[in-house]
Amino acid sequence: MMQQPAAGAVPPQMAPPPPMAQQQYQYQQPPPPPQSQQPYMAMNLMHPQSQPPPVWPLHQVPAGVPPQQQQPGQPASADEVRTLWIGDLQYYMDENYLLSCFSQTGEVASVKVIRNKQTGQMEGYGFIEFVSRAAAERVLQTYNGTPLPSGESTYRLNWASFSSGEKRDETPEFTIFVGDLAADVTDYMLQETFRACFPSVKGAKVVIDRLTGRSKGYGFVKFGDEAEQNRAMTEMNGVLCSTRPMRIGAASTKKTVPAQQFAKEQCVEMLIIFGPGADFS
DNA sequence: TATGAGCGG
């Protein structure tokens, strides 16, 4: 059941990586694109009503890029899992924005950003359905961890769990806390600062104040390798990121501890469900 | 300033 997508295996036919991948760091804080001049609005996708529909149907996907050929042997079937979950979205990243991010693949079937039912405010995550599982897989492999067009954060993608059951990436990760960050440090800068020395870096997150949109001055870096995590704790402490030396600490609480801890939690859950006298033989 | 983490219909 633990079938992970092959890491790093990027199919050669994949469209060029996301728009900002070439621009390594953007040191100035890029303001959210104002509604009026967003490039992604130039897609004839404006809905006649004031509220955009929650899902853009396939036939409305911009015609700029012709859809890629279906992979031979991988036809889209009704039950095939082809939806990705996307997180870490900023408040202004709506369906149009997401669509523009992935439109160059020509393989987006629908896009949905989740909103609060009461307030209508976006919750910061959404779903992207592709025309095939292969297309979703390619996007997951090539986009995940790369900067969004805005440059301020990185794509956080995973298989959508509702329809996919086991597909979510549950590989272990080891997280550190990074404090004392300069105000202009982005997810991507933080990630690349560490990745230069530690290839197992899986991602980085600068914590943003949801109200002000500004950095709270601290963040987290995830490693795939525990030894690198430990090494980074000492070797990167005091190292400059942007204009200030970072202060590194252990990330507190759960979720840092993978496999073993997970198994333990499962056991506890079994105990709660079946009681201490249960016979599992 | 100092410890995120959000999976719908």
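Reminder, nothing fancy here: chain letters follow the sequence lines and each chain counts from 1. Heavy-atom basis, side chains included; hydrogens, waters and symmetry copies ignored.
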*Could you check which of B/dC7, B/dG4, B/dA2 has an atom nearest any side-chain atom of A/Thr175?*
B/dG4
*Take the protein atom NZ of A/Lys216 and the nucleotide atom C1' of B/dT3, then report the distance between them rounded to whole Å.*
10 Å
*Counting heavy atoms from C-beta on, name the nucleotide in B/dA2, B/dG8, B/dG6 closest to the side chain of A/Asp88.*
B/dG6
*Can a side chain N or O of A/Arg115 be found less than 4.0 Å away from OP1 or OP2 on B/dG8?*
no
*Could I get the full list of side-chain hydrogen bond (donor to acceptor under 3.5 Å, both in side chains) partners for A/Ser200, not counting sequence neighbours?*
A/Glu228
*Minimum-distance nucleotide to A/Ile114 side chain [options: B/dG8, B/dT3, B/dC7]*: B/dG8
*Where along residues 118-125 of chain A does a heavy atom fall under 4.0 Å from DNA chain B?*
A/Glu123, A/Gly124, A/Tyr125
*Once you round it to whole Å, what is the distance between P of B/dA5 and CZ of A/Phe174?*
21 Å
*Does any non-hydrogen side-chain atom of A/Met236 lie less than 4.5 Å from one of A/Phe198?*
yes
_Of the listed nucleotides (B/dG4, B/dC7, B/dG8), which one gets closest to any side-chain atom of A/Ser161?_
B/dC7
*side-chain hydrogen bond (donor to acceptor under 3.5 Å, both in side chains) involving A/Arg244 - partner list, sequence neighbours excluded*: A/Asp180
*Under the salt bridge (charged side-chain N to carboxylate O under 4.0 Å, His left out) rule, what pairs show up with a residue in residues 196-208 of chain A, not counting sequence neighbours?*
A/Asp88-A/Lys205, A/Glu173-A/Lys202
*asked:* What I'd like to find out is whether the side chain of A/Leu84 reaches to under 4.5 Å of the side chain of A/Tyr143, using heavy atoms alone.
replied: no
*Just how far, in rounded Å, is P of B/dG4 from CD of A/Glu173?*
16 Å
*Tell me: CZ of A/Phe177 to P of B/dA5, nearest whole Å?*
14 Å
_Restricting to ring-ring contact (aromatic ring centres under 6.0 Å, His included), what partner residues turn up for A/Phe220, sequence neighbours left out?_
A/Phe177
*Choosing from B/dG9, B/dA5, B/dA2, which nucleotide comes nearest the side chain of A/Arg156?*
B/dA5
*asked:* From the set B/dA2, B/dG8, B/dG6, return the single nucleotide nearest to any side-chain atom of A/Tyr218.
replied: B/dA2
_Can you classify the ring geometry of A/Tyr92 versus A/Tyr97 as parallel (below 30°), tilted (30 to 60°) or perpendicular (above 60°)?_
perpendicular
*Hey, which of these two, A/Leu181 or A/Phe220, hits DNA chain B nearer its 5' end, going by closest nucleotide?*
A/Leu181
*Rounded to the nearest angstrom, tell me the gap between atom CZ in A/Arg247 and atom C1' in B/dT3.*
13 Å
*In Å, rounded to the nearest 0.5 Å, how long is the span from CZ of A/Arg115 to CE of A/Met122?*
5.5 Å
*CG of A/Asn116 versus C1' of B/dC7: gap in Å, rounded?*
15 Å
*Checking all strands, does A/Phe127 fall into the base, sugar-phosphate, or nothing category for heavy-atom contacts under 4.0 angstrom?*
base
*For DNA chain B, what residues of residues 194-207 of chain A have any heavy atom nearer than 4.0 Å?*
A/Val207
*Side-chain N,O (A/Lys117) to OP1/OP2 (B/dG9) below 4.0 Å*: yes
*Whole Å only: how far is the NZ atom of A/Lys112 from the C1' atom of B/dG6?*
15 Å
*Determine whether A/Met93 and A/Val113 make a side-chain contact, defined as any pair of heavy atoms from C-beta on separated by less than 4.5 Å.*
no
*asked:* Would you say that A/Met246 contacts A/Thr193 through its side chain, given a criterion of any heavy-atom pair below 4.5 Å between the two side chains?
replied: yes
*asked:* I want to verify a distance call: between B/dT3, B/dG6, B/dG8, whose nearest atom is closest to the A/Ser252 side chain?
replied: B/dT3
*Round to a whole Å and report the spacing from CD1 of A/Ile208 to C1' of B/dT3.*
15 Å
